[in-house]
Amino acid sequence: MFRILVSDSMSEEGLAPLRKSEQIEIVQKKVTEVEDRLHEFDALLVRSATKVTEELLEKMPNLKIVGRAGVGVDNIDVDAATRHGVVVINAPNGNTISTAEHTFAMMAALVRRIPQAHISVKSREWNRNAFVGNELYGKHLGIIGFGRIGSEVAKRARAFGMKVHVYDPFLTKERAEKLGVTVCTLDEVLALSDIITVHTPLTKETKGLLGEKNLAKTKKGVYLLNCARGGIIDEKALLQFLENGHVAGAALDVFEKEPLGDHPLLSFDNVIVTPHLGASTVEAQLNVAAQVAEEVLQFLEGKPVTSSINLPTLSKEVYAKIQSFYTLAKKMGILASQFMNIPVQEITVTYAGTVADLETTYITRSLLAGFLKPRVASTVNEVNAAMIAKERGITFGEKFSDDTYGYANCISLTVYGENKVFTMKGTHIPTYGDRIVQFDGFSIDFAPEGHLLYIQHHDKPGMIGKVGNVLGAHDVNIATMQVGRQQAGGKAIMMLSLDKPLEEDVLQTLINIGDIETAKKLEV
Ligand SMILES: NC(=O)C1=CN([C@@H]2O[C@H](COP(=O)(O)OP(=O)(O)OC[C@H]3O[C@@H](n4cnc5c(N)ncnc54)[C@H](O)[C@@H]3O)[C@@H](O)[C@H]2O)C=CC1
Ligand SMILES: O=C(O)CCC(=O)C(=O)O
């Protein structure tokens, strides 16, 4: 049973797929209302009200995934989530149209003074001269941040006959041309625009982007809009430029501190405000809730998510292709870690054959997570494996080769320990399964699963019988047995799969047989 805490308000219809599952229990309560149960939850769904801090993550040791029903994840400590092995996903495009429409509605309301006129008429006045506005047609619109929302705003602006100038350091000329906008420098946008709207995330670079220095570069009488994140337009600087009359008006949906409370900006008649309503439509809320619900369902079923903030993104199609290698790699990591139960400095994964053409980053992370799992007390998974490896001084890398060891695909693993280098090769054979075809330098062929017993011995007659006798005497049934050797009479290995885990004393009895160099229990 998976328990999901939905701690902010969310569309019921969007959550419906989760409710249908008999494996899932949904609790819709604020974090403060379930303080004593926080350790029970596997998933947490939020909008922007819940702050997902390190402190909260520590209280939720079972948490595996945080779903943000929206775009901005600034209410989530993503680094802390990564450290805790918690996947963070968002719903990147479910509210794009609503927010672009809200921006446009705010722009029209701002230049036509609709909110002010509305209040006036509601106060039983009829003062037509007081509310003369401006047309949008023919005006220069500056868009800072040309991602999903910025580009939707541009389409609407062009339909209104506006001239659109765009600043986005990550925007290519081709994409801009396709959308009929002019790419500019920030200074050009500031100097050219009659109206400026910001659509970037809030980052170190964008915090205070429209501050005193840049506002001074804008046209006198400029209108400003912020329906992205509070703080991109510096509120102190905005107050100053409203006071001195340089800025003709501002439309704000977001604020440095929310809820806004009593703020000096509210005393300006030419500042219009909404309480972070960009995504507040029935449609957007249904879209974002449905998107995160579907992703969480996928994740809890062990499938990869497509809109993760702290994992490489993976489409369903790509996952379908890598799935078998992903599992094989995890098993190889688990096996290698137990076999090399000494400090290691470096892990190299080499891909050959059909697997080399796939998205190997995910496969490598899976192997690394498998390797670290037996060594790390805290949760380790594909999300935090790279970070934990780094913390423990283990470097890792990927290589590609043409040597498939005679198979259609081959994953080779090399682990460098203090005085030992361990190698293993695995392959996935459709309809047959995962096979380890080389182990510690020996050619062999075994399935990496269950209770395994590895024995390295001298190649001489009677060894298999002696091992069989000891196991039989201790009521341990051998399910399969594979052997390999370097040369006749030299070093040889056996890999046995057993029907139950081996007790330590049986292992010791086996070692005492003689002619056995190493005997190790391995569990996959
Ligand atoms: N008011 C509301 O209710 C909502 C607000 N938002 C916010 O709107 C903003 C934009 O969202 P999307 O368009 O979906 O994001 P997006 O990721 O599609 O677009 C952001 C764009 O900003 C650009 N950018 C990043 N740093 C920049 C910089 N220093 N200067 C100029 N451009 C820069 C990026 O290249 C990207 O193209 C985000 O802050 C998001 O949180 C989103 C949905 C609802
Ligand atoms: O959940 C909301 O309504 C806020 C949406 C938002 O700001 C976002 O998606 O970034």
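Read the numbers this way: they start at 1 and go in the same order the structure lists the ligands and their atoms.
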Exercise. Could an N or O of ligand 1 be found under 3.5 Å from any N or O of Ala279, whether backbone or side chain?
Worked result: yes
Problem set entry | Side chain, backbone, both or neither: Val254 near ligand 2, heavy atoms under 4.0 Å | neither
Exercise. For atom 19 (O) of ligand 1, which protein heavy atom lies nearest, and how many Å away is it?
Worked result: Gly147 CA, 3.3 Å
Exercise. Can you find an N/O atom of Ile149 closer than 3.5 Å to an N/O atom of ligand 1?
Worked result: yes
Exercise. Taking the minimum heavy-atom distance to atom 9 (C) of ligand 1, which of Leu209, Thr274, Thr200, Val71 ranks first?
Worked result: Thr200
Exercise. Closest non-hydrogen protein atom to atom 18 (O) of ligand 1, residue and atom name please, with distance?
Worked result: Arg148 N, 2.9 Å
Problem set entry | Backbone of Ala284 reached by a side-chain donor or acceptor of Asn95 within 3.5 Å | no
For this session: Determine, for Phe255 and Lys257, whether the Lys NZ or Arg CZ falls below 6.0 Å from the six-membered ring centre while staying within 45 degrees of the axis.
Result: no
Exercise. What about Ser280: any of its N or O atoms under 3.5 Å from an N or O on ligand 2?
Worked result: no
Exercise. Does Gly72 reach ligand 2 with a nitrogen or oxygen that is under 3.5 Å from one of the ligand's nitrogen or oxygen atoms?
Worked result: yes
Problem set entry | Residue, atom name and distance, where the atom is the protein heavy atom closest to atom 7 (O) of ligand 2 | His276 NE2, 2.7 Å
Exercise. With distance as the sole criterion, is a donor-acceptor pair present between the side chains of Ser120 and Ser123 under 3.5 Å?
Worked result: no
For this session: Determine whether Pro201 and Arg229 make a side-chain contact, defined as any pair of heavy atoms from C-beta on separated by less than 4.5 Å.
Result: no
For this session: Go through ligand 1 atom by atom and flag the ones less than 4.0 Å from a non-hydrogen atom of Cys227.
Result: 1 (N), 2 (C), 4 (C), 5 (C)
Exercise. Can you check whether Asp74 has an N/O within less than 3.5 Å of an N/O in ligand 1?
Worked result: no
For this session: Among all protein heavy atoms, pick out the one at the shortest distance from atom 9 (O) of ligand 2; state its residue, atom name and that distance to 0.1 Å.
Result: Val71 N, 2.5 Å
For this session: Give the single entry among Arg68, Arg47, Met10 that approaches atom 8 (C) of ligand 2 most closely by any heavy atom.
Result: Arg68
